[in-house]
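Here's the structure we're looking at; comments come further down.
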Amino acid sequence: MAVEAAGRPAVAIDRDRLAALLERELDAFRESHPRSLELSERSRSSLLFGVPMSWMARWAGGFPVFVQEANGARVVDVDGHEYVDLCLGDTGAMAGHAPEPVVQAVTAQAARGSTAMLPTEDAAWVGEELARRFGLPFWQFALSATDANRFALRLAREVTGRGKVLVFDWCYHGSVDETLAGMAAGVVGPREGNVGPPVHPALTTKVVQFNDLDALEQALRAEDVACVLAEPALTNIGIVLPDDGFHEALRELTRKTGTLLAIDETHTLSAGPGGCTRAWELEPDIVTVGKAIGGGMPAAAYGVSAELAERIAARTEADYEDVGGIGGTLAGNALSLAAVRATLEHVLTDDAFAGTIPLAERFAGDVSETIESAALPWHVTTLGCRAEYRFRADPPRTGAEAAAAIDADLDRYMHVHALNRGVLLTPFHNMALMSPATTPAHVEAHSAVFAQAVEDLLG
Ligand SMILES: Cc1ncc(COP(=O)(O)O)c(C=O)c1O
């Protein structure tokens with residue numbers, strides 16, 4: 001769903017007012033989070049960037065809140081503030097925090113042994129369940145979606161004998177070297193800020209704009225691309241939905257040129273129990289999925305079609321079993337798989353989405369109402385139980401269009417304003433995700449905070 005701003009003249013943001021409000025909110029944040037500030041300052045002496053993982057430094061307040069505990073859709077910080085969590089670990093906690101079935105399964109499995117480099121029955125159950133959900137019969141596990149994507153690309157190169165991959169501009173598939181590419185004036189190069197690229201990405205990667213079928217056709221024509229790796233809708237530069245017919249054409253072009261198609265469902269699992277692949281009846285050769293499936297534990301998976309499985313097996317000289325490049329000592333470990341099973345069997349069930357998707361629609365409806373009544377040139381889009389608003393009037397069709405709407409100050413203001421009023425939004429996005437533990441009251445809390453942020457902004 002995409003809702004445009006009202007047809008009235010759009011209201012412009014007063015930048016001086018925005019700067020003053022941002023300062024006010026940052027001061028308030030600092031003032032009201034003394035314990036987080038203290039821990040943050042202490043961490044600077046032992047942790048690079050003062051945080052355990054560098055992107056935790058991106059939280060809008062200037063330092064992150066340190067978590068005391070997280071349960072369901074709520075987080076409590078070390079200063080005693082309670083938050084409605086709409087970030088949910090940027091999808092890692094889409095099942096809600098500490099879901100009881102996962103806690104029980106993990107506790108029981110930890111007591112029985114976490115990793116033995118041997119399978120458990122849960123592995124077979126999870127393989128069968130992923131096959132049922134996504135329609136691809138054969139599965140393997142990894143510890144992160146990044147790794148699932150890396151292994152998928154290696155397999156694609158191995159069976160096709162082709163060197164290149166194709167991704168869409170402004171995609172994000174984790175820290176996968178081949179995908180950290182971007183495009184400026186039609187020329188492929190390292191994505192802005194790419195840290196120490198091993199080789200120039202143009203050597204490994206072709207990039208086209210999402211929804212640009214002409215460019216896609218041209219890029220695949222040379223038949224040197226092993227695999228198109230795509231999210232079914234872009235989700236890491238706001239939500240960019242596919243045009244009608246885009247996926248049919250993408251599948252047709254990839255088939256025609258002997259190119260494999262890998263669909264990354266890590267974020268778009270929000271669309272339903274089998275992600276967009278099932279909701280939109282896609283027919284990829286490979287599906288990758290991570291984050292949410294572990295219910296908070298590190299886990300990811302990739303599945304392949306029967307035909308691709310045969311082609312993989314036929315490459316008898318490829319070392320799939322030792323040091324050939326597909327690995328991870330703890331991948332497929334018993335603890336992760338116990339967590340995945342509990343998550344899929346009891347938490348992110350088919351029924352769960354019947355509750356979470358309407359909540360995202362409710363979120364978008366409320367946000368859209370505020371946008372329209374304030375005549376702001378913004379819009380909000382949903383993708384299943386995920387919703388995101390963006391600072392441009394129309395839904396973008398490409399990643400480049402979406403990127404052009406980034407407004408760092410406005411973004412920061414909306415986030416820190418929400419933080420100060422007990423709502424967590426994902427740092428990289430204006431994204432809200434609904435878990436089975438999220439309630440209408442949580443959505444309403446955000447709606448009120450969002451309306452107030454807009455009111456303060458416009459005066
Ligand atoms: C679509 C998509 N794929 C893969 C990943 C990588 O996930 P991870 O960082 O857990 O490896 C991300 C991370 O945001 C993602 O958005």
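Fair warning: this is a prediction, and the values are worked out from it, not measured in the lab. We count ligands from 1, going down the list as the structure has it; atoms in each ligand are counted the same way.
- Remark: E252 does not engage R255 in a salt bridge, criterion side-chain N to carboxylate O under 4.0 Å.
- Close approach of ligand 1 to N149 (heavy-atom distance below 4.0 Å) involves ligand atoms 3 (N), 4 (C).
- Within ligand 1, counting atoms from 1 as listed, the ones closer than 4.0 Å to a heavy atom of N236 are 1 (C), 15 (C), 16 (O).
- Between F210 and F246, the two ring planes are tilted [angle within 30° to 60°].
- Listed by number with element, the atoms of ligand 1 under 4.0 angstrom from any heavy atom of E231 are 1 (C).
- For F141 and Y302, the ring centers sit 6.0 Å or farther from each other.
- Ion pair R58/D90 not flagged as a salt bridge, since none of the NZ, NE, NH1 or NH2 atoms sits closer than 4.0 Å to an Asp/Glu carboxylate oxygen.
- Of all protein heavy atoms, the one lying nearest to atom 8 (P) of ligand 1 is T146 OG1, 3.6 Å.
- The protein heavy atom nearest to atom 7 (O) of ligand 1 is A145 CB, 3.4 Å.
- Salt bridge status for R397 with D212: absent, with no side-chain N to carboxylate O gap under 4.0 Å.
- Nearest non-hydrogen protein atom to atom 12 (C) of ligand 1 is K291 CE, 3.7 Å.
- When heavy-atom distances to ligand 1 are checked against a 4.0 Å cut-off, T235 has no atom that comes that close, whether in backbone or side chain.
- Inter-residue side-chain proximity for D77 and E82 is flagged as unmet; no heavy-atom pair is nearer than 4.5 Å.
- Note: no N/O pair closer than 3.5 Å links W55 and ligand 1 by distance alone.
- At a heavy-atom cutoff of 4.0 Å, ligand 1 is contacted by no atom of D147, backbone or side chain.
- On a distance-only criterion, D264 and ligand 1 share at least one N/O pair closer than 3.5 Å.
- Remark: E223 CD is packed, more than 12 non-hydrogen atoms of other residues, nucleotides or ligands lying under 6.0 Å away.
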